[in-house]
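Dropping a structure here in structure tokens format, bear with me for questions.
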Number of protein chains: 4
Amino acid sequence: MSRKPRALRRRELLDAARDAFVERGFSAATVDDVVGNAGVARGTFYLYFRDKRAVFEALVDEFLARIEACVKSIDLSAPETPVEQLTANIRRVVELALAEPAIVKLALHDATGLDPDLDEKLHGYYERLRALIDESLQQGQMLGMVRPGDRRVMVAIGLGGLKEVLVDAVAGELTSDAAVITEEIMRFLAGGLLAR
Amino acid sequence: MSRKPRALRRRELLDAARDAFVERGFSAATVDDVVGNAGVARGTFYLYFRDKRAVFEALVDEFLARIEACVKSIDLSAPETPVEQLTANIRRVVELALAEPAIVKLALHDATGLDPDLDEKLHGYYERLRALIDESLQQGQMLGMVRPGDRRVMVAIGLGGLKEVLVDAVAGELTSDAAVITEEIMRFLAGGLLAR
Amino acid sequence: MSRKPRALRRRELLDAARDAFVERGFSAATVDDVVGNAGVARGTFYLYFRDKRAVFEALVDEFLARIEACVKSIDLSAPETPVEQLTANIRRVVELALAEPAIVKLALHDATGLDPDLDEKLHGYYERLRALIDESLQQGQMLGMVRPGDRRVMVAIGLGGLKEVLVDAVAGELTSDAAVITEEIMRFLAGGLLAR
Amino acid sequence: MSRKPRALRRRELLDAARDAFVERGFSAATVDDVVGNAGVARGTFYLYFRDKRAVFEALVDEFLARIEACVKSIDLSAPETPVEQLTANIRRVVELALAEPAIVKLALHDATGLDPDLDEKLHGYYERLRALIDESLQQGQMLGMVRPGDRRVMVAIGLGGLKEVLVDAVAGELTSDAAVITEEIMRFLAGGLLAR
DNA sequence: CATGAATGAGTTTTCATTCAT
DNA sequence: TATGAATGAAAACTCATTCAT
């Protein structure tokens with residue numbers, strides 16, 4: 001009926017799908033739910049996405065691209081100190097997550113174990129993120145700014161901790177103050193949990 | 001066919017289900033896969049479990065019970081120091097995870113977003129675990145052994161970090177040496193990542 | 001886009017449809033295939049044909065009309081003998097078939113069992129063709145040029161044999177020499193298969 | 001509901017499918033039509049056949065197997081003459097066709113152009129039948145019992161004629177007397193159509 | 001005339017669950 | 001207890017056709 005520019009209709013379907021997935025979970029949500037939310041006919045969905053998995057993938061792609069855009073490599077020649085740059089990176093990620101709670105829930109919480117292909121894709125993204133962080137840690141270790149240790153384990157803890165914080169934050173179980181969360185994360189990174 | 005003690009048959013079905021779920025994911029795995037693995041007829045499954053969700057729940061229950069059994073409250077009057085007790089707790093969890101990789105994958109990776117009821121159950125478990133850790137942290141803070149800070153964020157980071165380490169470890173992306181993993185975790189808790 | 005004379009556009013669509021139907025079969029071929037071959041938009045198709053069946057029908061009509069044009073009634077007062085006239089008829093049909101293999105495949109091979117209306121139409125054509133041949137046979141019998149016998153069976157064998165020869169010929173399983181095929185058919189009609 | 005032996009249920013579904021296909025044509029008939037005829041639930045169909053094409057294929061297989069069983073190789077050392085044996089072959093085929101009109105309609109009339117795989121299968125069957133006949137003709141030619149000529153064309157005419165006769169016969173457009181049809185076919189083979 | 005976005009009825013297919021044997 | 005045939009609700013997906021632009 002209402003002829004819309006292709007990109008706009010696609011956007012509507014993405015948003016409708018996001019809502020449907022958040023509300024019912026990816027498996028339980030049906031294409032019917034999605035088109036119902038979008039207010040279009042069933043067939044229209046397939047004009048824009050091959051299948052249900054494809055929308056999900058597009059949503060995740062979109063979110064991960066935005067996450068990646070938040071993370072700038074540490075620049076030693078910049079006026080800000082490396083720790084300041086790291087803090088800024090984390091803060092941007094936290095702010096993005098708080099601004100897009102629905103997608104965080106989807107991408108970090110619901111996206112795994114649904115579909116082998118999708119898992120693989122997510123795995124690839126994580127690998128890239130891990131590599132990025134690993135590299136920074138290595139640089140930091142060489143400069144004596146990061147303590148020595150098994151970097152893969154360090155990355156895993158850091159990334160896992162960050163993910164859980166984000167998920168909990170958007171689930172409303174934590175403060176919604178990005179500054180507080182960021183500061184707390186930095187304290188963890190700087191000194192662990194134990195007093196000395 | 002072969003009349004087996006009820007408990008044994010149930011065990012076989014649980015194991016068969018675990019394998020099926022790990023291989024194909026909970027949604028994609030069919031009851032047929034499960035009974036196929038177990039070598040019994042379809043109807044038999046329903047003599048032991050109400051439905052497909054029930055086996056999954058039983059598996060998760062079982063695993064979480066074993067996790068909880070690993071975690072002993074810190075006893076200040078014990079001969080071991082609190083840090084030694086914490087280390088032992090973490091080490092037991094890591095060893096359990098490495099011994100039961102399939103279940104880790106299921107419980108920590110796939111169990112989420114499938115079914116509102118199940119999600120709630122898992123959430124409850126996590127809440128209990130969180131409360132346990134939170135309590136310990138509080139105690140530690142009062143004793144001056146844990147630095148001050150927003151405990152909920154501290155718990156989230158710690159738990160998230162631990163989960164990710166376990167998932168990565170069973171995925172074979174990390175060392176399989178429980179001692180190394182435990183030590184690395186403790187260093188993180190003790191001093192964060194940054195050198196000083 | 002390119003405004004073309006109506007008849008030309010229609011011709012393009014007919015050819016595009018013929019190709020699509022030959023390649024994928026009538027049922028499997030989609031209107032999309034047709035307009036794709038023709039290089040026009042989907043809607044354009046419906047400016048020229050009521051529906052998918054209509055193009056098919058138009059193609060079959062066209063072909064049957066050309067077949068009928070090949071077949072001239074036997075004229076006893078003509079300078080050529082009846083057998084010569086019959087031979088010429090058959091030869092023209094064979095030549096047409098060899099010149100339009102795609103359409104032969106469609107009209108004789110695929111056209112059937114698709115749609116009751118279309119079936120009826122084809123049946124009507126065959127009836128007319130049968131009647132034409134039957135009439136000639138009757139005339140021939142009266143003149144003593146055709147042996148006696150159940151004319152309906154005779155027609156069926158002759159028509160079926162001719163169809164099969166044409167289908168096989170365009171399928172490349174027989175010689176493509178119209179003269180040879182025609183001669184062989186005439187020998188069959190003249191003396192059957194058995195030696196004497 | 002009504003538990004039946006597997007083979008019986010399968011038979012019922014085959015018969016139901018045959019009826020559905022004859023009534024509506026293969027493309028138009030739905031799995032729903034089939035299970036409706038059989039009086040079972042939709043899912044039951046898929047317990048016995050992979051899909052719609054599979055039942056059709058099974059029906060055609062069955063019919064062609066029966067056709068092949070009708071055709072005995074000509075045995076020169078038998079007490080019956082070769083022509084008598086040929087006549088008996090043809091008569092058996094005609095009788096089978098008259099006894100199973102529905103399947104004749106399907107296998108000879110509706111089966112082509114629906115599905116490339118199915119077409120190929122049918123084509124294979126025809127090839128075998130053709131080879132069988134070709135061989136007999138060759139033998140006959142060597143013995144001087146069959147006149148010389150392009151055997152492939154001869155086979156095509158014979159087979160096409162036979163098919164058309166059978167289709168017309170079961171369509172009620174010809175006599176239903178197997179003896180008459182057989183005799184008429186033999187006269188055609190023996191002497192063609194033209195008097196001499 | 002031409003376009004192609006939108007429609008939605010119509011089919012196929014899967015699979016958790018039941019229940020007669 | 002064990003079996004596995006049967007069920008049927010539920011989804012995904014296709015595609016001929018329409019119609020606003």
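Numbers restart at 1 for each chain; the letters A, B, ... are given by sequence-line order, proteins then strands.
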(request) Take B:Gly43 and B:Arg6, find for each the nucleotide of DNA chain F with the closest heavy atom, and name the residue whose nucleotide sits nearer the 5' end. (result) B:Arg6
(request) Answer yes or no: is there a side-chain heavy-atom contact under 4.5 Å between B:Glu57 and B:Phe49? (result)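 Heavy-atom side-chain distance check fails, nothing below 4.5 Å.
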(message) Tell me the interatomic distance from C:Arg53, atom CZ, to F:dT17, atom C1', rounded to whole angstroms.
(response)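 Whole-Å distance recorded here is 15 Å.
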(message) Applying the side chain to side chain donor-acceptor pair (under 3.5 Å) criterion to A:Arg24, which one of A:Thr30, A:Asp33, A:Asp19 satisfies it?
(response) A:Asp33
(message) Dot-bracket, 5' to 3', for DNA chain F please: Watson-Crick or G-U pairs under 3.5 Å, [ ] where pairs cross earlier ones, | where the partner sits on another strand, dots elsewhere.
(response) .||||||||||||||||||||
(message) Counting only side-chain heavy atoms from C-beta out, which of E:dT17, F:dT7, E:dT13 sits nearest to B:Lys52?
(response) E:dT17
(request) In whole angstrom, give me the gap between the C1' atoms of E:dC1 and F:dT21. (result)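 Nearest-Å result for E:dC1 against F:dT21 at atom C1': 13 Å.
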(message) Using a heavy-atom cut-off of 4.0 Å across all strands, would you classify B:Ala29 as base, sugar-phosphate, or nothing?
(response)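 Touches sugar-phosphate only.
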(request) Starting from P on F:dT14, measure out to CZ on A:Phe49 and report it in whole angstrom. (result)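 In whole Å, F:dT14 P and A:Phe49 CZ are 15 Å from each other.
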(request) Rounded to the nearest angstrom, tell me the gap between atom CZ in B:Phe56 and atom P in E:dA16. (result)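 Result: 14 Å.
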(message) Starting the side chain at C-beta, find the nucleotide from E:dA6, F:dT7, E:dG4 nearest to A:Lys4.
(response) E:dA6
(message) Tell me the interatomic distance from C:Leu8, atom CG, to E:dC1, atom P, rounded to whole angstroms.
(response)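 For the pair C:Leu8 CG and E:dC1 P, the rounded distance is 12 Å.
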(message) With a 4.5 Å cut-off on side-chain heavy atoms, are D:Val31 and D:Tyr46 touching?
(response) yes
(request) Taking only the side-chain nitrogens and oxygens of C:Arg9, find out if one of them lies under 4.0 Å from OP1 or OP2 of E:dA2. (result) yes
(request) Mind listing the closest non-hydrogen atom pair of B:Ala16 and B:Val34 along with its distance? (result) CB-O, 3.4 Å
(message) Looking at D:Arg42 and E:dT13, is any side-chain donor or acceptor paired with a base atom of the opposite kind under 3.5 Å?
(response)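 When only heavy-atom distances are counted, D:Arg42 does reach the base of E:dT13 through a donor-acceptor pair under 3.5 Å.
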(message) Taking the nucleotide of DNA chain F with the nearest heavy atom to each, does A:Val31 or C:Phe45 sit closer to the 5' end?
(response)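 Mapping each residue to its closest nucleotide by heavy atoms, the 5'-most match is A:Val31.
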(request) Kindly say if C:Thr30 contacts the phosphate of F:dC15, meaning a side-chain N or O under 4.0 Å from OP1 or OP2. (result)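 C:Thr30 to F:dC15 OP1/OP2: no side-chain N or O under 4.0 Å.
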(request) Check whether any side-chain heavy atom of D:Val55 sits under 4.5 Å from a side-chain heavy atom of D:Phe45, and report yes or no. (result) yes
(request) Assign A:Ala38 to base, sugar-phosphate, or nothing according to its heavy-atom contacts below 4.0 angstrom with the strands shown. (result) nothing
(request) Side chain of D:Asp51 only, please: which of E:dG8, E:dT13, F:dT7 is the nearest? (result) E:dT13
(request) Report the nucleotide, chosen from F:dG4, E:dA5, E:dC1, that has the shortest atom-to-atom distance to any side-chain atom of A:Leu47. (result) E:dA5
(request) Find the distance D:Arg3:CZ to E:dA20:C1' and express it as a whole number of Å. (result)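 In whole Å, E:dA20 C1' and D:Arg3 CZ are 5 Å from each other.
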(request) Rounded to the nearest angstrom, tell me the gap between atom CG in B:Leu13 and atom C1' in F:dT1. (result)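 Checked: the CG to C1' distance equals 13 Å.
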(message) Would you say that D:Phe21 contacts D:Lys52 through its side chain, given a criterion of any heavy-atom pair below 4.5 Å between the two side chains?
(response)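 Touching, per the 4.5 Å side-chain cut-off.
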(message) So, does A:Tyr48 get its side chain near the phosphate of E:dA6, meaning an N or O under 4.0 Å from OP1 or OP2?
(response)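 True: A:Tyr48 side-chain N/O within range (under 4.0 Å) of E:dA6 OP1/OP2.
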(message) Nearest to the B:Tyr46 side chain among E:dT17, F:dC13, E:dA6, which nucleotide is it?
(response)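 Shortest atom-to-atom distance from the side chain points to E:dT17.
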(message) Whole angstroms only, please: what is the CG-C1' distance between B:Asp33 and E:dT14?
(response) 12 Å
(message) For the CD atom on A:Glu23, are there more than 12 heavy atoms of other groups (residues, nucleotides or ligands in this structure) within a distance under 6.0 Å?
(response)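 No, CD of A:Glu23 has 12 or fewer neighbouring heavy atoms, counting only those of other groups under 6.0 Å.
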(message) Quick check: on DNA chain E, is the nucleotide nearest A:Thr44 upstream (toward 5') of the one nearest D:Thr44, or the reverse? Name the residue that is more 5'.
(response) A:Thr44
(message) Taking the nucleotide of DNA chain E with the nearest heavy atom to each, does C:Val40 or A:Pro5 sit closer to the 5' end?
(response)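 This one resolves to C:Val40.
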(request) Side-chain contact test, heavy atoms from C-beta onward, threshold under 4.5 Å: evaluate it for A:Val35 versus A:Thr44 and give yes or no. (result) no
